[in-house]
Amino acid sequence: MIGRSSFFAKSVARNISTNGFRRLASTKSLKETLQEVIPAKQEQLKKLKAEHSQAVVGEVKVENILGGMRGLKAMLWEASVLDPNEGIRFHGLTIPDCQKVLPPAPGGKEMTAESMLWLLLTGKVPTPEQSRQLSAELAVKGELPHFVTQLIDSLPKTLHPMTQLGMGVAALNHDSEFQAAYERGIKKPEYWTYTLEDCLNLIAKLPALAARIYRNVYHPERSLESVDKSLDLVGNYSNMLGFGQNEHLTEYLRLYIALHGDHEGGNASAHTAHLVGSTLSDPYISYSAALFALAGPLHGLANQEVLRWQMAMQKEIGDNITHENIKDYLWKTLKSGQVVPGYGHGVLRNPDPRFIALQEFCKTRPELQASPIIQLVQQTAEIAPDVLKEHGKTKNPYPNVDATSGCVLYHYGLTEFKYYTVIFGVSRALGALTQLVWARALGLPLERPKSYSMDALQKLIKN
């Protein structure tokens with residue numbers, strides 16, 4: 001595995017400096033870059049269909065059908081591939097690769113959401129100029145229409161923030177360029193251009209929408225900042241949340257949102273966006289459905305559950321934090337029939353590279369290294385894998401990204417647990433929406449798997 005990883009790293013490095021990921025001429029826009037990339041992908045798909053449509057790439061077992069289709073190779077997703085051992089790669093680039101080559105915001109160190117969006121959509125690394133150009137374009141599109149602000153302001157503050165976010169995104173469908181063009185009657189090769197416009201408009205408006213929900217629910221006494229045309233997407237989001245002066249949190253949000261932007265297509269929210277989008281629903285409707293999938297406790301709520309659990313441990317242990325005390329608390333959790341939140345993953349079988357990236361961020365910040373909750377997270381990550389291995393019921397005993405993500409938000413003052421999934425929702429749009437563009441560009445069909453009843457399944461097995 002080490003030799004293979006080393007070889008791949010050298011290959012990626014060559015690609016970055018030569019063909020595959022060379023920096024483009026800074027004059028090309030995102031749409032122009034896509035126009036260059038799409039024909040080759042269309043030809044690749046055409047050849048796959050013509051030459052390999054009957055090739056067998058896996059098998060379906062009863063456990064797959066009964067186990068939530070876990071592990072089935074049944075979906076096309078261009079932006080990223082998740083390897084159980086190596087973790088996520090975005091168009092072949094690892095997270096450390098992305099941190100090296102994707103442009104940061106002016107004056108910052110962390111890659112921006114715009115540079116990750118460009119990579120996910122085109123497979124190319126943007127120049128700093130292209131990234132800033134995209135930031136400026138999104139800022140111009142970033143204000144919410146009046147009817148959406150009226151809708152959000154009319155909702156009770158007791159309504160869950162994720163419900164409000166999904167409603168706001170669905171309401172933006174009123175101005176869908178794809179829906180309007182489809183009703184006028186456009187040709188299929190044009191679908192992707194209108195889908196792209198909707199996707200960029202939605203990504204641009206998510207910070208203002210999410211920040212308005214935060215203000216209404218938690219700080220109704222505050223005024224809301226307008227979109228600042230000089231800031232990147234996350235810079236504006238942080239500013240509208242009321243944390244614009246907290247550069248540490250803003251930089252963390254840049255990293256958080258880039259890392260959460262995509263995690264291949266099989267997770268519940270990404271798959272939901274793809275499924276609904278395959279009906280030719282516009283991106284607003286498709287992504288609102290994805291957000292409601294993300295709101296489920298088994299998907300997007302994990303980071304707040306980790307924080308609750310770590311704080312409960314901190315309260316019980318007190319200042320006497322030792323490996324033995326942490327180990328005892330882990331066993332107490334497991335023996336009570338609960339899971340240890342933030343550990344394990346549906347695909348990964350090694351530590352989550354996103355967790356490692358967030359831990360590296362923490363190591364560079366003295367204020368985080370001095371934080372009791374961050375120290376507890378780091379110590380727990382050293383002890384928990386051995387405890388979970390001994391327990392014997394976890395396929396992957398290593399920390400995932402949720403083991404630390406919410407704890408850093410809490411340290412920097414964003415302490416409202418229920419809101420954390422909204423930040424996840426702003427992030428996941430980068431991957432889910434870019435793949436709607438590719439679904440239109442490649443002409444992917446309506447998704448329609450076959451289902452069986454248990455009786456029909458038993459009959460099939462018998463025969």
Side-chain angles (χ1 to χ4, degrees), residues 30-31 34 38 69 74-80 113 116-117 120-121 138 141 144-145 148 151-152 162-184 186 188-210 213 257 260-296 299-300 421-422 424-449:
L30 181 62
K31 187 174 182 179
L34 259 180
I38 284 174
M69 300 191 291
M75 189 176 177
L76 187 65
W77 193 265
E78 285 296 294
S80 64
M116 178 57 79
L117 171 62
L120 293 176
L121 194 52
L138 295 178
K141 300 171 182 283
L144 294 174
V148 173
L151 169 66
I152 297 302
M162 280 298 288
T163 307
Q164 296 190 42
L165 184 64
M167 291 173 67
V169 168
L172 286 167
N173 140 278
H174 177 274
D175 296 331
S176 169
E177 294 192 27
F178 176 79
Q179 184 185 55
Y182 188 82
E183 290 176 358
R184 287 197 310 269
I186 55 172
K188 287 185 178 181
E190 299 177 79
Y191 283 0
W192 75 266
T193 61
Y194 294 97
T195 301
L196 175 64
E197 290 306 312
D198 277 356
C199 290
L200 293 180
N201 283 328
L202 175 52
I203 289 169
K205 289 173 171 56
L206 278 173
L209 176 59
I213 293 166
I257 287 174
H260 285 76
D262 197 46
H263 214 231
E264 77 169 22
N267 64 77
S269 53
H271 187 197
T272 299
H274 176 80
L275 171 63
V276 178
S278 78
T279 71
L280 291 187
S281 287
D282 65 68
Y284 302 102
I285 296 295
S286 302
Y287 196 60
S288 67
L291 288 168
F292 292 128
L294 189 64
H299 189 14
T421 315
V422 173
F424 196 168
V426 173
S427 312
R428 187 47 56 90
L430 301 179
L433 292 175
T434 57
Q435 294 314 288
L436 289 179
V437 177
W438 275 105
R440 301 286 193 266
L442 297 174
L444 299 185
L446 176 69
E447 186 173 296
R448 179 59 168 89

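By the 4.5 Å heavy-atom criterion applied to side chains, L444 and H274 are counted as neighbours. You'll find the side chain of P145 reaches within 4.5 Å of the side chain of L172, heavy atoms only. Looking at P283 and T195, their side chains come closer than 4.5 Å, going by heavy atoms from C-beta outward. By the 4.5 Å heavy-atom criterion applied to side chains, D262 and L430 are not counted as neighbours. L206 has its side chain within reach of V169: a pair of non-hydrogen atoms, C-beta onward, lies under 4.5 Å apart. Considering only heavy atoms from C-beta on, L76 comes within 4.5 Å of L442 through its side chain. A heavy-atom distance below 4.5 Å is found between the side chains of E447 and H271. For the pair Y191 and L280, the minimum side-chain heavy-atom distance is below 4.5 Å.
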Exercise for review: Could you check L200 against L30 for side chain to side chain contact (heavy atoms under 4.5 Å, CB included), going step by step and ending with a plain yes or no?
Suggested key: CA-CA 10 Å; L200 293 180; L30 181 62; 4.0 Å; yes
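Put simply, OG1 on T279 and CD1 on I285 are 9.5 Å apart, with the number rounded to the nearest 0.5 Å. Atom CG of L151 and atom NE2 of H174 lie 12.0 Å apart (nearest 0.5 Å). To the nearest 0.5 Å, atom CZ of residue F178 and atom CZ of residue R440 are 4.5 Å apart. Distance check: L433 CG to L117 CG gives 9.0 Å after rounding to the nearest 0.5 Å. In this structure, CE on M75 lies 8.5 Å from CD on Q435, to the nearest 0.5 angstrom. To the nearest 0.5 Å, atoms CD1 (I203) and OG1 (T434) are separated by 7.0 Å.
Residues satisfying the side-chain contact (heavy atoms from CB on, under 4.5 Å) test with A170, not counting sequence neighbours, are S288. When the salt bridge (charged side-chain N to carboxylate O under 4.0 Å, His left out) test is applied to E78, the partners found at least two apart in sequence or on another chain are K41. Looking at residues two or more places apart in sequence or on another chain, you find a side-chain contact (heavy atoms from CB on, under 4.5 Å) between E197 and K141, E177.
When all heavy atoms of A432 and Y287 are compared, the closest pair comes out as CB-CE1, 3.9 Å. Across L436 and G277, no two heavy atoms sit closer than the pair CD2-CA, 3.8 Å. Closest approach of A289 to V276, counting heavy atoms only: CB-CG2, 3.8 Å. Counting all heavy atoms, side chain and backbone alike, N267 lies closest to S269 at OD1-OG, 3.0 Å. Across all their heavy atoms, N201 and Y284 have their closest contact at CB-OH, 3.4 Å. Here the shortest heavy-atom pairing between L120 and W438 reads O-NE1, 4.5 Å.
S80 places a side-chain N or O within donor-acceptor distance of the main-chain N or O of E264, the cut-off being under 3.5 Å. Remark: the backbone N or O of D282 is paired with a side-chain donor or acceptor of S286 at under 3.5 angstrom.
If you run side chain to side chain contact (heavy atoms under 4.5 Å, CB included) between L291 and each of T421, V422, L165, only L165 comes through.
A 6.0 Å sphere centred on CZ of R448 holds no more than 12 heavy atoms belonging to other residues, nucleotides or ligands.
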